[in-house]
Amino acid sequence: MEGSMRADAKVCSEAGTESSPRGPGCSLRHFACEQNLLSRPDGSASFLQGDTSVLAGVYGPAEVKVSKEIFNKATLEVILRPKIGLPGVAEKSRERLIRNTCEAVVLGALHPRTSITVVLQVVSDAGSLLACCLNAACMALVDAGVPMRALFCGVTCALDSDGTLVLDPTVKQEKEARAVLTFALDSVERKLLMSTTKGLYSDAELQQCLAAAQAASQHVFRFYRESLQRRYSKS
Amino acid sequence: MAEAVPFGAESLAGGRARAARRVLDQVVLPGEELLLPEQEDVEGPGGAGERPLRLNAGARSRLRVVCGPGLRRCGDRLLVTKCGRLRHKDPGSGSSGGVYWVDSQQKRYVPVKGDHVIGIVTAKSGDIFKVDVGGSEPASLSYLAFEGATKRNRPNVQVGDLIYGQFVVANKDMEPEMVCIDSCGRANGMGVIGHDGLLFKVTLGLIRKLLAPDCEIIQEVGKLYPLEIVFGMNGRIWVKAKTIQQTLILANILEACEHMTADQRKQIFARLAES
């Protein structure tokens with residue numbers, strides 16, 4: 001029974017990407033997503049992008065400590081656990097970025113004095129980790145039924161030394177790049193919710209990366225739609 | 001300077017709002033906007049360029065449409081906030097345009113006024129009981145809210161008991177309050193649930209499916225063994241049969257019903273009826 005439940009809840013789908021050899025230009029790695037795989041959290045999702053894999057669990061709206069409660073909206077907490085070792089400063093800063101993105105999208109005013117907790121566990125890191133965390137968090141929030149005003153996705157761009165743009169870079173490409181930019185975009189009008197960048201780039205290159213990320217997010221949102229439709233078609 | 005790539009009609013949720021009527025029973029995603037029937041004429045297939053001129057442009061046929069779970073009003077339109085299938089119920093009579101809601105699969109319960117739920121008493125403080133209903137805070141239940149309870153004649157409720165009651169106050173700003181009597185003062189099946197039996201948790205969607213008027217699962221289960229069963233809208237089911245084994249079998253069947261098709265279910269019932 002447990003096995004069949006997992007199979008029914010598992011939704012794997014390929015993204016609208018080009019074929020495997022990734023040339024310079026805009027192509028994302030293969031995606032896969034599985035929802036409702038954990039029994040304890042109210043919502044859970046596992047998101048794979050190439051070899052990067054993140055597992056997310058959402059608890060909420062649940063009880064909150066009086067010291068942390070906000071009188072007119074929900075308290076959103078994000079916990080990111082790395083694959084090995086204790087969480088450090090890098091995890092704290094990523095948690096803050098993910099929390100700011102989620103707060104912009106989740107309708108916290110509907111559940112004041114409650115807490116919504118997103119727990120992310122890195123299963124494997126092969127580049128574009130923050131984008132994969134954002135995607136997993138979004139799918140887990142949808143699975144938990146937390147009211148949201150839009151969906152969101154994360155896209156990473158890397159600029160190498162001769163200005164070529166690579167989307168969804170691997171660890172090697174990120175290391176050799178001159179700049180790595182991660183954007184979180186919303187689904188309604190592809191607006192920018194969050195951006196974090198590292199490295200050296202010009203103003204024109206920033207706009208170019210943003211435009212490429214907006215185009216790529218279309219693929220991600222289409223993948224979300226397909227996987228959610230498949231999930232609801234089974235019931 | 002590069003500009004954002006213009007998107008065509010296949011953009012996911014933004015771009016054009018769709019008519020609610022055409023999206024019925026389809027999966028909708030958070031962020032989508034839906035047009036109510038009265039606005040469809042105004043928006044029209046031509047979009048901004050071809051709106052017909054009207055002499056009384058302000059007056060519109062006012063239909064009162066109720067916005068159910070999963071939808072919010074956003075200006076003139078409905079904004080989808082949860083993922084699920086869009087449903088509509090026509091009103092039998094009257095001028096209201098019916099109810100729209102989104103059928104989503106969820107595990108977490110949010111208290112709603114009028115819902116009948118199963119709670120577990122966690123504390124007794126003075127004149128009220130604190131009851132855990134699975135929401136974000138425990139509900140309060142006054143000791144006078146039982147049938148035939150007075151200040152001298154207190155109900156026999158201990159910490160750890162199961163209570164079946166309904167919410168009289170349940171909104172996002174206040175602590176939820178529940179009672180075990182209806183508006184006439186009668187218990188009507190509510191109150192403390194007996195000591196034996198098994199309480200287990202299922203998803204909210206399964207409870208709604210089991211409580212639907214034409215649900216065959218309950219009828220089939222009733223034919224198997226004699227049983228007592230209580231459904232709480234907060235995802236909790238209490239079941240009691242003659243022996244512990246039968247109770248466990250029933251609990252497993254109900255939990256598994258969510259993922260089984262009708263045929264698989266009939267097979268299992270047939271096999272159980274034989275043994």
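Just so it is clear, the model here is predicted, and its values are computed rather than measured. Lettering follows sequence order; numbering is per chain, from 1.
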Given a strict heavy-atom distance threshold of 4.5 Å, which part of Leu206(A) is in contact with chain B: side chain, backbone, both, or neither?
neither
Between Lys130(B) and Glu175(B) (salt bridge meaning N to carboxylate O under 4.0 Å), is one present in this structure?
yes
What residues of residues 60-72 of chain A make heavy-atom contacts with chain B at a cutoff under 4.5 angstrom?
Gly60(A), Pro61(A), Ala62(A), Glu63(A)
Side chain, backbone, both or neither: which part of Val146(A) has a heavy atom under 4.5 Å from chain B?
backbone
Between Val112(B) and Ala170(B) the two heavy atoms that sit nearest each other are C-CB, 3.7 Å
side-chain hydrogen bond (donor to acceptor under 3.5 Å, both in side chains) between Gln49(A) and Asp168(A), intermediate numbers included
CA-CA 8 Å; Gln49(A) 262 178 246; Asp168(A) 209 12; 2.8 Å; yes
Identify which part of Ala213(A) has an atom lying under 4.5 Å from any heavy atom of chain B, answering side chain, backbone, both or neither.
neither
Which is it for Asp103(B) and Arg87(B) under the salt bridge (Lys or Arg N to Asp or Glu O under 4.0 Å) test, yes or no, and what are the steps along the way?
CA-CA 7 Å; Asp103(B) 243 345; Arg87(B) 306 271 191 218; 3.0 Å; yes
At a 4.5 Å cut-off on heavy atoms, which part of Leu210(A) comes close to chain B: side chain, backbone, both, or neither?
neither
Residue pair Val131(B) / Pro138(B), side-chain heavy-atom distance below 4.5 Å:
no
Let's test your reading of the structure: which of Asp173(B), Thr261(B), Leu79(B) forms the most heavy-atom pairs below 4.5 Å with chain A?
Asp173(B)
Within the 3.5 Å criterion, strictly below it, is a donor on Gln106(B) or Lys82(B) matched to an acceptor on the partner's side chain?
yes
So, Arg190(A) and Gln218(A): side-chain donor and acceptor under 3.5 Å apart, yes or no?
no
Would you list the pairs meeting side-chain hydrogen bond (donor to acceptor under 3.5 Å, both in side chains) in which at least one residue belongs to residues 199-214 of chain B, sequence neighbours left out?
Thr203(B)-Glu258(B)
Is it the backbone or the side chain of Val102(B) that comes under 4.5 Å from a heavy atom of chain A, or both, or neither?
neither
If you apply the rule salt bridge (Lys or Arg N to Asp or Glu O under 4.0 Å), what do you find for Arg99(A) with Glu77(A), and how did you get there?
CA-CA 7 Å; Arg99(A) 190 180 75 231; Glu77(A) 278 179 336; over 6 Å; no
